[in-house]
Amino acid sequence: MAALDQKSPNVLLQNLCCKITGKSEADVAHQFQYAVRVIGSNYAPTIERDEFLVSEKIKKELLKQRREADAALFSELHRKLQTQGVLKHRWSILYLLLSLCEDPRKPSNRVCSYGALLTQARDVHSTPFYYARPQSLPLSYPERSATAHNSSMATSGISSMGVFSINGPGPTPPSLLTGPGPQAVGESMRGSRLAWTLPVSSSPSGAAAAPRPPSGPSSSPAPKLPQRQRRDEDGSGESEIGEAALVRDILYVFQGIDGKFIKMCSPENCYKIDSKVPLCKSLRDTSSRLAELGWLHNKIRKYTDSHSLDRAFGLVGQSFCAALHQELKEYYRLLSVLHAQLQVEDDQGVNMSVDSSLTLRRLLVWTYDPKVRLKTLAALVDYCQGYVHQLKQHLHLTIETCVQFFVASDPTVKTDRLWHDKYSLRKSMIPAFITMDQARKVLLIGKSINFLHQVCHDRTPPGKIMPASKSTDSPKDASVLFTDLEGAFQSKIDAAYFETSKYLLDVLNKNYQLLEHLQAMRRYVLLGQGDFIRHLMDLLKPELARAATTLYQHNLTGILETAVRATNAQFDSPEILKRLDVRLLEVSPGDTGWDVFSLDYHVEGPIATVFTRECMSHYLRVFNFLWRAKRMEYILTDIWKGQMCNAKLLKSMPELSGVLHQCHVLASEMVHFIHQMQYYITFEVLECSWDELWNKVQQAQDLDHIIAAHDVFLDSIISRCLLDVNNRPLLNQLRAVFDQIIEFQNAQDTLYRSALEELQLRIQFEDKKRQREEMGEWGVTAEQEAEENRRVQEFKDTIPKMCSQLRLLTHFYQGIVQEFLRLLMSDESLQFLSFRLDFNEHYKARDPRLRPSLGATRGRRSANI
């Protein structure tokens with residue numbers, strides 16, 4: 001119970017009082033009672049309840065005391081506290097801590113003056129509204145004076161359109177300079193916004209929103225104290241309306257909302273005060289002048305709302321609306337500050353200084369500058385509305401009726417597909433005097449310029465891209481154009497086409513290394529870098545032999561980097577090497593690392609226009625095919641090395657001569673098949689297709705030519721590597737051949753493993769026999785000899801099983817090859833490959849179906865000779 005009492009709120013509060021005052025419990029009884037009254041009261045601070053603002057002020061206070069480490073620690077602890085739902089009123093706790101750390105000897109800054117208020121408005125990127133004198137000015141754009149420029153922060157909002165009087169900025173009224181500095185208000189109200197887009201009855205959506213005015217102009221708070229009666233009069237009686245009620249109405253009117261006394265008069269299109277309302281003439285005139293600000297706001301707001309989402313308005317119109325939104329945002333910042341100050345006045349009550357209260361005259365002074373700006377914006381809106389109306393009438397005639405624009409643009413296409421899909425020709429709209437070739441060149445000129453600006457981020461003006469020529473406005477040039485219309489028009493289109501296309505290709509080759517990336521795809525993805533591919537296979541062999549589900553991409557990436565550093569690939573450009581990566585394909589049950597491993601080459605930016613996603617998927621298919629074929633060559637090399645190394649060792653086992661001979665014959669057949677396929681793929685397909693592509697790229701006149709040549713190159717490889725739909729049966733047979741090679745490797749490994757184990761046992765038996773004879777004993781007993789003979793006989797009994805397994809494997813392999821050759825004969829472009837695979841007619845003698853095809857082929861060849 002004692003432990004619980006020590007944690008009770010009363011005990012903790014008493015301990016806190018002792019800790020703060022440094023006195024004993026008996027001496028702090030008065031302070032303790034006062035603290036209990038404060039905690040039990042309904043007092044509320046007069047600043048915005050924003051946890052973020054209070055935490056920022058605490059950190060600033062720590063930084064002022066040069067306690068950077070404590071500020072960092074506080075920030076981290078506050079972040080952790082936010083992630084935990086332990087406290088519901090974190091703001092109150094932080095505000096208590098902030099209040100406790102303040103020095104009571106310093107003057108209180110709870111009540112702020114309007115000098116601080118307006119300084120805060122400037123601090124939150126608002127505008128220095130108090131610099132201008134309330135006098136009428138023409139809608140012009142004179143330069144700001146140096147004083148005004150140095151006194152305010154440069155913004156892109158309303159402050160960018162300031163208009164001052166001819167006599168320059170007036171001095172700040174003395175009443176605006178009283179009170180504490182801007183820090184008191186700036187910290188307590190920074191970031192506040194006026195929720196002008198919400199309904200009047202709605203509430204703020206977040207804790208960071210500024211204190212809003214009452215939900216309606218008619219719901220002004222009841223007077224708190226007799227001294228505030230003047231500010232809270234609502235005019236419901238016969239007495240004259242107080243200035244405070246008008247100030248509250250004016251703040252609503254500034255937002256375009258009707259107040260209790262000031263309402264929009266639709267017939268006259270202005271804000272007016274009801275003539276029946278008892279109000280002196282001076283206040284009525286001042287209110288009318290201030291209400292003009294709300295009318296200007298409504299006009300601008302209506303324009304932006306009606307045109308912001310109108311796509312037909314054009315890019316220039318959209319930009320203009322965006323600028324208007326920015327100007328209104330600066331205007332709303334001032335309103336949020338004024339509303340916050342009004343809330344502060346209501347909360348402070350009698351403590352509020354009369355000299356610092358919000359009045360119509362002060363509003364008239366401080367809103368003068370934004371009023372001038374809004375007048376300027378309203379004038380621009382009027383001008384633009386008339387201009388746009390005339391432009392729409394003109395474009396309606398030329399576009400909707402005549403329909404003369406033969407280049408279509410799709411605004412929904414993203415930047416990465418700009419060259420392929422964004423622009424197209426409307427063939428039905430091409431004028432009769434423009435040929436299809438000329439229209440295509442016009443399209444390419446526009447595509448090239450837009451591609452340079454939007455994708456390559458090259459801001460070179462079109463005038464510098466195309467050569468300077470004489471103006472066609474001269475009579476001589478015009479006469480040439482009309483007398484030789486076709487030639488002059490064609491020459492101008494050709495000149496613009498060649499120059500823009502040449503400039504675009506130069507940018508792609510020099511700035512983005514298009515040709516280097518093309519060669520990198522040949523070397524790495526198409527396995528053209530032989531030493532790198534061989535060393536990579538050597539390093540990856542232990543990893544890829546494992547199950548595919550046990551592989552980790554970061555391990556394979558490290559092996560890839562090792563292979564690059566150990567071969568000539570290290571001399572490639574870092575820009576190319578950083579794009580080389582490992583990719584693991586989707587894993588199927590039973591897959592090994594060889595089945596899912598792939599090299600990847602990352603492309604982005606302008607070069608992705610050539611290496612599109614479809615192209616990269618084609619490269620991936622070709623790489624998987626070439627990688628598997630290269631692996632077969634790698635396996636057969638290991639098989640041949642195993643045969644050569646074990647041939648001498650197994651000479652002492654004559655019973656294995658037959659099965660070893662079968663292994664050598666089958667391995668020779670497979671080596672011949674794979675070598676011929678590798679020769680066909682490497683030289684007849686890849687090298688020939690690459691040479692054609694390189695020549696076309698060197699001679700290309702525009703980017704379309706390069707893209708077309710690259711697409712033809714990939715289509716040729718896909719087709720001639722048997723990866724297209726038409727060659728699916730051939731590809732299935734070829735994959736079956738690859739599977740037979742892997743099975744043969746497993747069978748031979750099993751044979752050599754058992755043979756070497758048997759050989760080792762025989763050697764050990766002979767060694768023991770010799771050692772015992774050297775010691776004068778019998779070399780072997782009858783039982784040992786019988787046991788040895790029994791074991792040798794068991795091994796010999798397994799040899800026929802190995803032979804039958806090899807014969808079965810040979811039969812299946814030869815059947816698959818014969819079917820592959822038969823399918824090759826149906827394609828004239830692949831008949832020479834079938835002749836090389838069966839150059840000695842070995843398979844022809846075994847399969848009668850191959851004889852007519854081969855005979856007919858040779859007969860046609862003899863006739864051609």
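As the structure is a computational prediction, the values presented were derived from the model and not from experiment.
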K.L.:
Over all heavy atoms of both residues, which pair between Ala629 and Gln678 is shortest? Give the atoms and the distance, please.
P.N.:
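Closest approach of Ala629 to Gln678, heavy atoms only: O-NE2, 3.6 Å.
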K.L.:
Closest heavy-atom contact between Ile816 and Gln740?
P.N.:
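Closest heavy-atom pair between Ile816 and Gln740: CD1-CG, 3.7 Å.
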K.L.:
I'd like to know if Glu788 and Lys768 make a salt bridge, using a cut-off of under 4.0 Å between side-chain N and carboxylate O.
P.N.:
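Result for this pair is no, no salt bridge flagged.
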K.L.:
Can any side-chain N or O of Tyr619 pair as donor or acceptor with the backbone N or O of Leu714 at less than 3.5 Å?
P.N.:
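Flag not set: sc Tyr619 to bb Leu714 has no pair under 3.5 Å.
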K.L.:
Parallel, tilted or perpendicular: which describes the rings of Phe738 and Phe625, with under 30° parallel and over 60° perpendicular?
P.N.:
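Phe738 and Phe625: tilted rings.
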K.L.:
Tell me if a side-chain donor or acceptor on Gln676 pairs with a main-chain N or O of Leu833 at a distance below 3.5 Å.
P.N.:
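No.
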K.L.:
Stepwise, does the side-chain hydrogen bond (donor to acceptor under 3.5 Å, both in side chains) test hold for Tyr512 with His517?
P.N.:
CA-CA 9 Å; Tyr512 297 97; His517 289 300; over 6 Å; no
K.L.:
Indicate yes or no for a side-chain donor-acceptor contact from Ser719 to the backbone of Asp715 under 3.5 Å, with no hydrogens or angles considered.
P.N.:
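Between the backbone of Asp715 and the side chain of Ser719 there is no qualifying donor-acceptor contact (under 3.5 Å).
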K.L.:
Under the side-chain contact (heavy atoms from CB on, under 4.5 Å) rule, what do Cys456 and Phe451 come out as? Steps first, then yes or no, please.
P.N.:
CA-CA 6 Å; Cys456 299; Phe451 185 83; 3.5 Å; yes
K.L.:
How close do Asp421 and Asp410 get, counting heavy atoms only, and between which atoms?
P.N.:
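Heavy atoms only, the tightest pair is O-CB, 4.3 Å.
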K.L.:
So, Asn789 versus Gln793: side-chain donor-acceptor pair below 3.5 Å or not?
P.N.:
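No pair is found: no donor N or O on one side chain lies under 3.5 Å from an acceptor on the other.
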K.L.:
Could you give all pairs that pass the ring-ring contact (aromatic ring centres under 6.0 Å, His included) test and reach residues 783-814, with sequence neighbours left out?
P.N.:
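Sorted pair list comes back empty.
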K.L.:
Is the closest side-chain donor-acceptor distance between Gln513 and Glu575 under 3.5 Å?
P.N.:
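Their side chains do not contain a donor-acceptor pair, so the 3.5 Å distance test is not met.
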K.L.:
Before accepting this row, confirm whether a basic side-chain N of the pair Asp506/Lys502 lies closer than 4.0 Å to the acidic partner's carboxylate O.
P.N.:
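Yes, charged N to carboxylate O under 4.0 Å.
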K.L.:
Compare every heavy atom of Leu656 with every heavy atom of Ala755, then report the nearest pair and how far apart it is.
P.N.:
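In terms of heavy atoms, the two residues are closest at CB-CD1, 3.6 Å.
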K.L.:
Is any side-chain heavy atom of Val603 less than 4.5 Å from a side-chain heavy atom of Met616?
P.N.:
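Heavy-atom side-chain distance check passes, below 4.5 Å.
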K.L.:
Calculate, to the nearest 0.5 Å, the distance between atoms NZ and CG belonging to Lys801 and Leu806 respectively.
P.N.:
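Output value for this atom pair is 12.5 Å.
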K.L.:
Should we count CE of Met644 as having more than 12 external heavy atoms under 6.0 Å?
P.N.:
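For Met644, atom CE is crowded (more than 12 foreign heavy atoms under 6.0 Å).
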K.L.:
Mind checking whether Leu514 and Ile706 have side chains closer than 4.5 Å, heavy atoms only?
P.N.:
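In short, these two side chains touch, coming nearer than 4.5 Å.
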K.L.:
Can any side-chain N or O of Glu684 pair as donor or acceptor with the backbone N or O of Ile681 at less than 3.5 Å?
P.N.:
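It does not hold such a pair.
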K.L.:
Could you check whether any side-chain N or O of Asp702 sits under 3.5 Å from a backbone N or O of His705, counting only pairs where one atom can act as donor and the other as acceptor?
P.N.:
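Yes, Asp702 side chain to His705 backbone: donor-acceptor pair under 3.5 Å.
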K.L.:
If you measure from CG on Leu650 to CE on Met653, what distance do you get to the nearest 0.5 Å?
P.N.:
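Atom-to-atom, Leu650:CG and Met653:CE are 6.5 Å apart.
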K.L.:
Give the C-alpha distance, both sets of side-chain angles, the deciding distance and a yes or no for side-chain contact (heavy atoms from CB on, under 4.5 Å) between Val587 and Leu551.
P.N.:
CA-CA 11 Å; Val587 179; Leu551 297 180; over 6 Å; no
K.L.:
Answer yes or no: is there a donor N or O on one side and an acceptor on the other, between the side chain of Asp595 and the main chain of Thr592, under 3.5 Å?
P.N.:
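It does hold such a pair.
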K.L.:
With distance as the sole test, does Thr562 use its side chain to make a donor-acceptor pair with the main-chain N or O of Gly558 at under 3.5 Å?
P.N.:
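Checked: pair present.
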K.L.:
For residues 652-672, which residue pairs pass the ring-ring contact (aromatic ring centres under 6.0 Å, His included) check, not counting sequence neighbours?
P.N.:
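Listed by first then second residue: His672-Phe839.
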K.L.:
Does this structure show an ion pair linking Arg791 with Glu794, if we count only N-O contacts that are shorter than 4.0 Å?
P.N.:
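A salt bridge is absent here (no side-chain N lies under 4.0 Å from a carboxylate O).
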K.L.:
Starting from the C-alpha separation in whole Å, work towards a yes-or-no answer on side-chain contact (heavy atoms from CB on, under 4.5 Å) for Asn555 and Ile559.
P.N.:
CA-CA 6 Å; Asn555 293 339; Ile559 295 175; 5.5 Å; no
K.L.:
Between Arg762 and Glu758, does at least one N-O distance fall below 4.0 Å, as a salt bridge requires?
P.N.:
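Yes.
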K.L.:
Check Ala548 against Val596 and note the closest heavy-atom contact, atom names and distance.
P.N.:
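Closest heavy-atom pair between Ala548 and Val596: CB-CG2, 3.8 Å.
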K.L.:
What I'd like to find out is whether the side chain of Leu580 reaches to under 4.5 Å of the side chain of Asp572, using heavy atoms alone.
P.N.:
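No; the side chains remain at least 4.5 Å from each other.
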K.L.:
Any sub-3.5 Å donor-acceptor pair from Ser716's side-chain atoms to Phe713's backbone N or O?
P.N.:
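Looks like no, no N/O pair under 3.5 Å.
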K.L.:
Any side-chain heavy atom of Leu751 within less than 4.5 Å of one from Leu660?
P.N.:
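Contact flag for Leu751/Leu660 side chains = yes.
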K.L.:
Just by distance, do the side chain of Asp838 and the backbone of Tyr843 share a donor-acceptor pair under 3.5 Å?
P.N.:
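Side chain of Asp838 to backbone of Tyr843: a pair is present.
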K.L.:
I'd like to know if Arg822 and Glu819 make a salt bridge, using a cut-off of under 4.0 Å between side-chain N and carboxylate O.
P.N.:
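Result for this pair is yes, salt bridge flagged.
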K.L.:
Do Leu703 and Val610 come close enough that some side-chain heavy atom pair is under 4.5 Å?
P.N.:
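Yes, side chains in contact.
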K.L.:
When you compare the side chain of Ile635 with that of Phe744, does any pair of heavy atoms fall below 4.5 Å?
P.N.:
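Result no, sub-4.5 Å side-chain heavy-atom pair not found.
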K.L.:
With a 4.0 Å cut-off on N to O distance, would you call Arg534 and Asp531 a salt bridge?
P.N.:
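Here Arg534 does not pair with Asp531 in a salt bridge, since their nearest N and O are not under 4.0 Å apart.
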K.L.:
Has the side chain of Asn727 got a donor or acceptor atom that lies under 3.5 Å from a matching backbone atom of Leu723?
P.N.:
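Such a contact is absent between Asn727 side chain and Leu723 backbone.
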K.L.:
Which atom names give the shortest non-hydrogen contact between Met802 and Ser754, and what distance separates them?
P.N.:
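In terms of heavy atoms, the two residues are closest at CE-OG, 3.3 Å.
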K.L.:
In the structure I gave you, are the side-chain heavy atoms of Gln701 and Leu505 within less than 4.5 Å of one another anywhere?
P.N.:
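Sidechains of Leu505 and Gln701: no contact.
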K.L.:
Classify the ring geometry of Phe623 against Trp627: parallel below 30°, tilted from 30° to 60°, perpendicular beyond 60°.
P.N.:
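Correct class here is parallel.
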K.L.:
Could you walk me through whether Ile717 and Trp690 pass side-chain contact (heavy atoms from CB on, under 4.5 Å), step by step?
P.N.:
CA-CA 9 Å; Ile717 291 178; Trp690 173 257; over 6 Å; no
K.L.:
Is it true that Phe820 and Phe673 have ring centroids separated by less than 6.0 Å?
P.N.:
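Centroid separation for Phe820 and Phe673: below 6.0 Å.
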K.L.:
Determine whether Arg836 and Tyr679 make a side-chain contact, defined as any pair of heavy atoms from C-beta on separated by less than 4.5 Å.
P.N.:
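Side chain of Arg836 against side chain of Tyr679, heavy atoms only: contact under 4.5 Å found.
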